[in-house]
Amino acid sequence: MHALLLIDIQNDFLPGGALGVPDGDAVIPIANALMADYACVVATRDWHPPNHLSFASQHPGQNVGDVVTLGSQPQVLWPDHCVQGSHGADFAAELDVRRIDHVIFKGTEREIDSYSGFFDNDHRHATGLDATLKRAGVDAVDIVGLATDYCVRFTALDARQLGYTVRVFQAGVRGVNLAAGDSDKALAEMQAAGVTLVV
Ligand code: VGL
Ligand code: ZN
């Protein structure tokens, strides 16, 4: 059984948002069109407390784009984004939320980020996504959303590691590209891990 995963299609990741992904709004019509084809649609939401340690604002003297260590992982520092309950954390207004069956919140613990929809970046705590999919009888996931080089990438890699068949719709993802080529590198990494890239 296939599920469609909608990764972090939230206001703050759209152009003009706090962590706006270039052309990020292009994924919305693709997500809306795909949803009709799936019996199981699961959306993730980046959902940070206001003092989340992925925010540069929590590290005096550091700037957005600097890298620190959180848990055991290198952590890029971001602008404040997707704060729990804020407009920026809402689903994009144009997203057809009526077709979403399950919502998974991630990045909720101050001390560790969660790029993957399945686990925090230290792989210590599960978000419930794997359990939700297993309960629904899902063995294959198709992925669209934001951002290619962060949350799409780590969700796809964890899904492969958990044994799912994984496809990423290239037209339905967009990347941050802090460094030029990051998204292409992420797609190549996913493909090397057994993810099928659907053009
Ligand atoms: C994301 C950076 C920080 C994402 C979330 O959804 O890809 N990127 N938080
Ligand atoms: Zn985040």
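Note that ligands are numbered from 1 as they come in the structure, with each ligand's atoms numbered from 1 the same way. Since we're looking at a predicted model, the values are computed, not measured. Computed from heavy atoms alone, side chains included, the values below leave out hydrogens, waters and symmetry copies.
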Using non-hydrogen atoms of the residue, decide whether Q10 is closer than 4.0 angstrom to ligand 1. no

Any idea which protein heavy atom is nearest [atom], and the distance to it?
{"atom": "atom 8 (N) of ligand 1", "result": "Y150 CB, 3.8 Å"}
{"atom": "atom 4 (C) of ligand 1", "result": "C151 SG, 2.8 Å"}
{"atom": "atom 6 (O) of ligand 1", "result": "D8 OD2, 2.6 Å"}

For V64 and A56, which heavy atoms make the closest approach, and how far apart are they? N-CB, 3.6 Å

Check each atom of ligand 1 against the heavy atoms of [X] and keep those under 4.0 Å away; list them by number with element.
{"X": "H81", "result": "3 (C), 9 (N)"}
{"X": "L19", "result": "2 (C), 3 (C)"}
{"X": "A147", "result": "4 (C), 6 (O), 7 (O)"}

Is the shortest heavy-atom distance from the side chain of [X] to the side chain of [Y] under 4.5 Å?
{"X": "R153", "Y": "M190", "result": "yes"}
{"X": "F13", "Y": "Y150", "result": "no"}
{"X": "Y115", "Y": "K106", "result": "no"}

Can you tell me if D130 and Y164 form a side-chain donor-acceptor pair at under 3.5 Å? yes

Have H123 and D158 got a donor and an acceptor in their side chains that come within less than 3.5 Å? yes

Report yes if [X] has an N/O atom closer than 3.5 Å to an N/O atom of ligand 1; otherwise report no.
{"X": "D46", "value": "yes"}
{"X": "H48", "value": "no"}
{"X": "F13", "value": "no"}

Test of understanding: given a 4.0 Å heavy-atom threshold, classify the contact between I7 and ligand 1 as side chain, backbone, both, or neither. neither

Measuring from the Zn ion (ligand 2), name the closest N, O or S atom belonging to D46. OD2

Any N/O/S atom from H48 (main chain or side chain) under 2.8 Å of the Zn ion (ligand 2)? yes

Taking both backbone and side chain into account, is any N, O or S atom of H81 nearer than 2.8 Å to the Zn ion (ligand 2)? yes

Is a side-chain donor or acceptor of H52 paired with a backbone partner of T108 at a separation under 3.5 angstrom? no

Go through the steps to decide whether H81 and F55 satisfy the test ring-ring contact (aromatic ring centres under 6.0 Å, His included), and finish with yes or no. CA-CA 8 Å; H81 65 279; F55 297 168; 5.3 Å; yes

Using a strict cut-off of less than 4.0 Å between a Lys/Arg side-chain nitrogen and an Asp/Glu carboxylate oxygen, indicate whether D90 and R45 qualify as a salt bridge. yes

